[in-house]
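Just so you know, ligand 1 is whichever comes first in the structure, and atom 1 is the first atom listed for that ligand.
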Amino acid sequence: MKKQLFKPYTFPHGATMKNHFALAPMTTYSSNQDLTLSTEEEVYYNSRAKEFGMIITAATAVSKNAQAFEHQISIRDERYLDSMTRLANSIKQEGALAVIQLHHGGRMNKPGLYPNQDIVSASAIKADREYAATPRKLKISEVHDVIDEFVNATILAIKAGFDGIELHGANTYLIQQFFSPHSNRRDDEFGGSLQRRLTFPLRLVDRVIEAKQNYGKPEFIIGYRLSPEEREDPGITLDDTLRLVDELCHKDIDYIHLSQGYYKNTSIRDQADKRVIVDAIQNVVQGRVSLIGAGGINTMDNAEDALIHGYDLVALGTVALADPYIITHFEQGKEACKIIGEESILPSPLLHRLRSWKGLEQKGYIIK
Ligand SMILES: Cc1cc2nc3c(=O)[nH]c(=O)nc-3n(C[C@H](O)[C@H](O)[C@H](O)COP(=O)(O)O)c2cc1C
């Protein structure tokens, strides 16, 4: 298994990674003022592309209303094509696959962060967060417009030279909001029952697949990231997710990427449920698409264990922010360097933020 991690991996549609390690998508808060890619971000991606088989970029906003984070890069229209081409090139020139994560923040967006932004969601239900505002419920025609924004971003990603896209259906953002019984209380084709809450994510997947086919890109990777559960009541349950996973496996996508705090989590909403989430999901997937795991994978032992649990690929997050040479270190049989500082080759706004995140020290990181 250890050796396997350093060998190439080929996705269902033929794109090949130089090893089994992906950089997890991580927001850098570091774009230029006009939301184009900054030089510091370019340097950061280029450094990790030397190590990883695939780079999944930070969440990239598909529209004005999608912007959720300060200085978050945008892929909303042709004006951003140069910026996105630089991003794809900074990764591909080192032989890594470049996959861009497409994102809409929906009701999670902070009021006032972006002027003139409309905070929208499936329904007018406020997120259970202190800062959150009650979103405006999207009209049916606007729901179709949002799907078009993702399709438009996919076409721009193809034009910019990316190897694929990852739909950000995780971490409570808009795609997840349509799947969630907490945020989606609609009574039309996009909500009301589990079946109808699946409409938005599945239609989105169909439309981005259609875009890739129209552009004659058979190898172009389509990935879908999801969070298996929500803490809210009502909220997404593991059984809901198993249904979503099965539906996704019927589509012609390449991978599903699980977003969890720990790659071997059991249920966070039902202590009595002892199923290891990835085991339950793998039971449904049955090799129909590739499965990527993330969450606390920061040693070779973890990475190997993740493959044993049925993940095809491992995504490294925080540890890869600390150590720009992590895969080389693993290959040499060394531990990752867990010092986060100037040597980490990070955009300075990101480094600045990480210095204020107290939780990192508890996870064994040294902040300099
Ligand atoms: C600074 C930072 C930014 C993140 N931004 C994103 C993001 O843009 N999109 C996303 O899906 N997950 C994001 N995440 C979550 C990571 O992709 C990953 O799932 C999480 O950090 C758990 O993996 P780890 O324990 O290896 O860090 C972010 C995490 C960090 C630390």
Any N/O pair Ala24/ligand 1 closer than 3.5 Å: no
Any Val319 heavy atom less than 4.0 Å from ligand 1: no
Quick one: does any side-chain atom of Asn184 pair with a main-chain N or O of Phe190 as donor and acceptor, under 3.5 Å? yes
protein heavy-atom neighbour closest to atom 9 (N) of ligand 1 works out as Gln101 OE1, 2.8 Å
Short check: is a protein heavy atom less than 4.0 Å from atom 20 (C) of ligand 1? no
Contact (N/O only, under 3.5 Å) between Arg225 and ligand 1: yes
Can you establish whether the number of heavy atoms outside Arg355 located under 6.0 Å from its atom CZ is more than 12? yes
Can you list the ligand 1 atoms lying under 4.0 Å from a non-hydrogen atom of Ala59? 8 (O)
The residue among Lys126, Arg136, Gln177 that forms side chain to side chain donor-acceptor pair (under 3.5 Å) with Ser121 is Gln177
Within a distance under 4.0 Å of any heavy atom of His168, pick out the atoms of ligand 1 and give their elements. 9 (N), 10 (C), 11 (O)
Considering only heavy atoms, which of Gly296, Gly317, Gly359 lies nearest to atom 25 (O) of ligand 1? Gly296
May I ask you to check if ligand 1 and Tyr29 share an N or O to N or O distance below 3.5 Å? no
Could you say whether the N/O atoms of Gln260 and ligand 1 ever approach to under 3.5 Å? no
Are a donor atom and an acceptor atom from the side chains of Thr85 and Asp82 found within less than 3.5 Å of each other? no
protein heavy-atom neighbour closest to atom 22 (C) of ligand 1 works out as Gly295 CA, 3.8 Å
Check: Phe150 main-chain N/O paired with Thr154 side-chain donor or acceptor under 3.5 Å: yes
Going by an N to O cut-off under 4.0 Å, is there a salt bridge joining Glu149 and Lys64? no
Give a yes or no on this: more than 12 heavy atoms of other residues, nucleotides or ligands lie within 6.0 Å of atom NZ of Lys251. yes
Per atom 16 (C) of ligand 1, closest listed option by heavy atom (Ala294, Ala322, Pro25): Pro25
Taking Asp301's backbone N and O only, do any of them form a donor-acceptor pair with Glu304's side chain (distance below 3.5 Å, no angle check)? no
Among all protein heavy atoms, pick the one closest to atom 5 (N) of ligand 1 and tell me residue, atom and distance. Thr27 N, 2.9 Å
Charged N to carboxylate O under 4.0 angstrom, Arg203 versus Glu189? yes
Are the side chain of Tyr45 and the backbone of Ala88 linked by a donor-acceptor contact shorter than 3.5 Å? no
heavy-atom search around atom 27 (O) of ligand 1 in the protein gives Thr318 OG1, 2.5 Å
So does Asp118 get a backbone contact from the side chain of Asn65, meaning a donor-acceptor N/O pair under 3.5 Å? yes
Which of the listed options, Phe69, Trp357, Tyr173, holds the heavy atom that is closest to atom 31 (C) of ligand 1? Trp357
Would you check whether Leu350 has a nitrogen or oxygen atom less than 3.5 angstrom from a nitrogen or oxygen atom of ligand 1? no
Could you list which atoms of ligand 1 come closer than 4.0 Å to a heavy atom of Asn171? 10 (C), 11 (O), 12 (N)
Nearest-neighbour protein heavy atom for atom 29 (C) of ligand 1, which is reported as residue plus atom name and distance: Met26 CG, 3.7 Å
